[in-house]
Amino acid sequence: FKLRPSPRPGPGEHPLQFNYAIWFSRKSQGKTSSSASYDQNLKLVGTFASVEQFWGIYSHLVRPSDLSGHCDYHLFKEGIRPMWEDSANNKGGKWIVRLKKGLGSRCWENLILAMLGEQFMVGEEICGAVISIRYQEDILALWNRTACDQVTTSRIRDTLKRILNLPPNTIMEYKTHNDSIKDNSSF
Amino acid sequence: GTKIFYERNFLMQCRNSPLTR
C-alpha cells in the first residue's frame, strides 16, 4: 500500500489538507476474528487528494444503507491502515455512535464531509472514520490518535454531535483501541 | 502551513463541478 504513488490534486481541483484512502471490508464466513483475517478482508477502493477526486470515487460507491450483510467502509488518512495495531492508532481510540437503520447513509456523509473539510479542529488527531453495517443497526466510528487526551476527545464528541445533528438522547461511547484489542471486539 | 477548511455546502457544490468525474 505504501508503495503506491500518492494521489495529487489535478489542475483546478480543490486540494484537501490530507490525502485519504477508502477501504471496504466484508466479514468472511466462519468465526475467525484474528487481526490477520481482518487484514485480509480489507480491500482498498481508492485514494484521493482533492474534493473532486473524493466525489469521483464516492459517487460510484453503493450507499452504506443499500449494502447487505456484515460490511464496513473505512475512510482513513493515507498511510494509516484501518487497524488498531497501526502505529498511528495503537495509542488511540474511537467515538462510537449507534444509529437506527435508515440513518446510516446520511450520517456517514455528514461525518466524512466534516472530516475532509477539517471541521474537527483537533490538529493531526483524526485518523479516520468507519461505518459498519450490521443486521439491526448502523454504527459510525471516528478514530483519533491519542485516547488519553481528554480535551481532544471531548472536542471531537461535541463536533460529532453538532455535525450529525442527532436526537439528544443518542448514546455515544468512547472506546480505546487497547480495550478493543483486549476484549477482541470492536463495539 | 495554512489549514485547508471546507464547509459542507461548499463540498456539496463541488460534487456537481465539471472537474468531478
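The model shown is predicted, which means the values in this text are computed figures rather than measured ones. Proteins come first, then strands; the chains are lettered A, B, ... in the order of their sequence lines, and each starts at number 1.
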What pair of heavy atoms forms the shortest contact from B:K3 to A:G123, and how long is it?
NZ-O, 3.9 Å

Heavy-atom closest contact (A:Q17 atom, B:I4 atom, distance):
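A:Q17 and B:I4 have their closest heavy atoms at OE1-N, 2.6 Å.
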
Honestly curious: do [X] and [Y] fall in one hydrophobic cluster under the side-chain, below-4.5 Å linking rule?
X      : Y      : result
A:I80  : A:I181 : yes
B:F5   : A:V122 : no
A:L116 : A:M121 : no
A:L103 : A:L61  : yes
A:V62  : A:W108 : yes

Side chain from CB out, backbone as N, CA, C, O: work out which of these in [X] comes under 4.5 Å of a heavy atom of chain B, or both, or neither.
X      : value
A:P15  : both
A:I163 : neither
A:F54  : neither

Let me confirm one number: the [atom1]-[atom2] distance from [X] to [Y], rounded to the nearest 0.5 Å.
X      : Y      : atom1 : atom2 : value
B:Q13  : A:H14  : CD    : NE2   : 9.5 Å
B:Y6   : A:E118 : OH    : CD    : 10.5 Å
A:L113 : B:N9   : CG    : CG    : 10.0 Å
A:I112 : B:L11  : CD1   : CG    : 10.0 Å

In terms of heavy-atom contacts, does [atom1] of [X] have more than 12 from other residues, nucleotides or ligands at under 6.0 Å?
X      : atom1 : value
B:E7   : CD    : no
B:R15  : CZ    : yes
A:K101 : NZ    : yes

How about A:N110 and B:R8: do any of their side-chain heavy atoms sit closer than 4.5 Å?
yes

Side-chain heavy-atom pair A:W55, B:M12 within 4.5 angstrom cut-off
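Yes; the side chains approach each other to less than 4.5 Å.
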
